[in-house]
Amino acid sequence: MVSSSENNYQPVKNYPTKLDKFLVCGLGSLGQHCVAILKEYGAIVNAIDLEQPQNLQIPNLLNLLENLFFGDCRQASVLEQADISQCRTIILATGNERVNIEAAFAARLLNPQVRLVIRSDKKNLNQLLSQTLGNFIAFEPNQISASGFAVAALGDEHIGYFQVEEHQFRVVKHQIQMHDPWCNQLHIHELNTQNLRVLYHTYDASVLPKEFHQWEPERKLRPDDTIIYIEVKEQLQSLKKVAIKPQRNWQQLWQEIVLGRVWKNFQQQIPSWRRKLHTYQSLRVAIICGLTVIFLWCIGTIIYILNYPHSNVVEAFYGTAVLLLGGYGDLFGGINFQTPPETAQHMPGWLRLFSLALTLTGIGFVGVLYALLTDVLLSSRFQFFKSYQPLIPVKNHVVLIGLNRVGQRVAALLEKFKQPVVGISSIGLGIDFFHKIPVIIDSITDALGKVNLANSKSVVVVTDDDMENLEIALMVHAQSPTTRVIIRTYDRNFRDNVARLFPYAQVICTSAISAEVFVAAAFGENILSLFNFDTQSILVVEYTIEAGDTLNGLLLAEVAYGYGVVPILYQNFKRSPVKLMPSDNIQLTVGDRLIVLANTNSLQRIERGEMFNKTWQVEIEKALAEDAIFDGANEISIISGCSIGTARKLMDNLPGQLPKALYKQQALRLVRRLSKLRVTARLKPFSDN
């Protein structure tokens with residue numbers, strides 16, 4: 001890993017940018033974090049709140065503010081007092097969506113150019129307002145943080161998972177093992193392909209670099225090294241088979257199939273078999289009754305034909321059916337002691353008695369069939385939703401406690417990841433939610449005993465009460481000490497204290513994560529997604545290159561190593577094909593589209609136009625072939641960005657030094673490329689002399 005001193009990460013201002021005023025409305029947890037991050041950018045911040053903030057999660061909050069005004073941010077007079085006309089952006093972060101939207105209307109009337117960043121969960125309304133008002137963007141903290149909880153619940157090597165248009169990306173943290181194909185075989189730079197980029201490398205998994213690209217390209221991967229990389233999900237299966245997962249022999253595979261999957265399937269089928277056994281008992285009764293009725297039907301038809309040779313077989317058949325269905329009176333008429341029915345006058349007594357017996361028997365057996373059919377129909381109606389509720393997973397599942405808006409969003413993401421999950425809620429939910437995951441409606445204490453906690457992968461606690469979340473986490477740890485616990489909180493101080501006292505718990509502060517997105521959006525950035533690791537948030541940011549901004553005219557190598565970001569998608573024009581994991585050689589021009597991974601430090605550097613110094617130089621010693629001079633000049637121009645004339649002049653006067661300084665990874669790449677062209681070159685620290 002390259003140390004920061006070796007990389008000489010000293011900022012140099014290339015494009016001085018004057019930061020305008022920013023206005024934050026609502027100094028709750030989210031608003032306070034927004035103020036703190038805005039000050040990290042060097043911005044001037046004013047704030048409006050109804051009263052003096054009581055719960056200060058940012059200790060020196062009042063000192064960070066230029067001015068604090070008290071009043072209703074929807075009132076024009078209050079906004080004018082806060083100097084809205086001179087503000088670049090207003091962040092509306094109160095807990096009331098209606099207040100935020102009404103204040104946005106008032107701010108737009110007073111300052112048609114101000115950027116509106118509001119807290120709102122009205123997705124359709126937000127989209128309509130964005131089209132109508134312009135320069136408007138809305139976020140909901142619960143939705144922002146949901147992906148963080150879902151990825152944390154997956155555990156293992158997963159750090160981040162997000163989608164850009166139809167392209168899916170996965171961020172993985174992997175510790176190199178002796179049996180990995182990468183181990184002692186590949187240099188770190190060789191991992192970078194069109195579908196994969198290395199983000200971090202370290203010898204100690206507990207200590208990760210704070211910036212991207214702080215790894216030594218020429219170093220080979222060794223056992224116990226830790227790398228973090230991003231890959232395109234379409235290549236996920238092949239990468240897992242080839243590069244990451246240990247190779248399993250047939251015996252291990254057989255044990256997994258026989259002892260794991262078969263036993264799991266057997267356990268899951270037991271309740272189904274019990275239900276089927278009960279159903280079969282009812283079916284057996286129905287079959288016996290049905291066969292009895294059919295037997296009597298046939299016997300009755302035969303007897304009537306034998307006693308009435310001149311009658312029609314069809315009439316005897318239907319006559320017997322009428323008797324079995326209780327139609328004795330229909331055939332023999334009503335009771336009349338003076339004038340018996342004509343049918344009864346010519347019928348032997350024993351046959352009339354047999355007919356009555358058919359009717360009585362038919363009523364009994366057919367009645368049983370009616371009862372069984374009614375029971376089946378009613379059971380199907382009342383058990384319809386219950387029958388479709390999935391079974392509670394046996395092992396390697398996520399237990400999700402708290403099925404509020406955050407919990408339901410987390411459940412949806414876990415379902416998308418194909419991760420088994422069971423939910424616990426102390427309050428009732430809509431019937432539709434039961435179709436998605438198994439849910440237990442009960443007290444938390446009782447429900448924990450029903451979810452196979454000891455065999456679970458992780459437990460995510462996202463109720464709206466911080467203290468309740470902590471209490472549940474302690475109960476989970478007491479019952480299953482090896483289970484990973486992820487806790488939701490709104491308070492950064494609470495997060496820090498719990499993380500230190502209970503290291504087995506991962507605490508995610510919704511407000512702290514969301515504030516980074518709100519602030520980045522306040523500077524005009526288009527935030528597509530984010531993920532978290534090692535107490536920092538990584539944002540997926542989209543740029544459209546404009547004339548005069550800090551990215552225009554730069555090589556992607558300069559953007560990546562100069563600002564500390566990782567380009568993952570490039571598009572020259574809106575209609576041109578996108579390039580995933582684009583080459584460092586691409587030069588940005590006006591209208592280009594670029595998506596990068598960045599932390600808040602990177603975004604601040606881009607906003608201010610501060611780039612890290614280029615501290616390395618390439619010395620070219622000799623060309624081993626005549627054509628190498630021509631090809632080498634082309635390669636120098638492409639990778640370094642210098643003019644083709646400068647490159648040819650250098651190659652015609654060897655040995656010599658490239659007059660342009662480069663970043664270390666950029667310079668090493670040039671040396672490797674020249675070596676393939678049979679040009680000898682080496683790297684050395686840059687000197688102005």
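All residue numbers refer to positions in the sequence shown, counting from 1.
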Cut-off 3.5 Å, side chains only: do [X] and [Y] have a donor facing an acceptor?
X: Gln168; Y: Gln163; answer: yes
X: Ser29; Y: Gln57; answer: yes
X: Lys457; Y: Gln419; answer: yes
X: His397; Y: Asn452; answer: no
X: Asn585; Y: Arg669; answer: yes
X: Asn613; Y: Tyr663; answer: no
X: Asp121; Y: Gln143; answer: yes

**Prompt:** Got a second to check how far Arg495's CZ is from Ser511's OG, nearest 0.5 Å?
**Reply:**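 Output value for this atom pair is 10.0 Å.
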Should the ring pair [X] and [Y] be called parallel, tilted or perpendicular, given that the plane angle runs from 0 to 90° and is split at 30 and 60?
X: His189; Y: His187; value: parallel
X: Phe523; Y: Phe22; value: tilted
X: Tyr229; Y: Trp182; value: perpendicular
X: Phe417; Y: Tyr161; value: perpendicular

Minimum heavy-atom separation for [X] to [Y], with atom names?
X: Lys684; Y: Glu619; result: CD-OE1, 3.9 Å
X: Val24; Y: Gly31; result: CG1-O, 3.9 Å
X: Ala43; Y: Lys39; result: O-NZ, 3.1 Å
X: Thr589; Y: Ile545; result: O-CB, 3.3 Å
X: Leu597; Y: Phe212; result: O-CE1, 3.5 Å

**Heavy-atom donor-acceptor pair, Arg222 side chain to Asn184 backbone, under 3.5 Å** =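 Absent.
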**Whether Asn552 side chain and Asp549 backbone form a donor-acceptor pair below 3.5 Å** =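 No, the answer is negative, given that no donor and acceptor are paired below the 3.5 Å cut-off.
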**Message:** Test of understanding: with ring pair (Phe, Tyr, Trp, His ring centres under 6.0 Å), list the residues that count as partners of Tyr490, not counting sequence neighbours.
**Reply:**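 None.
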**Prompt:** Hey, would you say the Phe139 and Phe518 ring centroids sit under 6.0 Å apart?
**Reply:**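 Centroid separation for Phe139 and Phe518: below 6.0 Å.
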**Asked** What's the verdict on side-chain hydrogen bond (donor to acceptor under 3.5 Å, both in side chains) for Tyr561 and Asp584, showing C-alpha distance, side-chain angles and the deciding distance?
**Response** CA-CA 10 Å; Tyr561 310 127; Asp584 287 350; 2.9 Å; yes
**Message:** Between Asp225 and Gln175, does the side-chain hydrogen bond (donor to acceptor under 3.5 Å, both in side chains) criterion hold? Intermediate values first, please.
**Reply:** CA-CA 6 Å; Asp225 284 5; Gln175 188 172 32; over 6 Å; no
**Message:** As a quick check of understanding, evaluate side-chain hydrogen bond (donor to acceptor under 3.5 Å, both in side chains) for Asn396 and Asn455, giving each step before the final call.
**Reply:** CA-CA 6 Å; Asn396 294 328; Asn455 297 325; over 6 Å; no
**Request:** Verify the neighbour count for atom CD of Glu542: are there more than 12 heavy atoms of other residues, nucleotides or ligands below 6.0 Å?
**Result:**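 Above 12, so yes.
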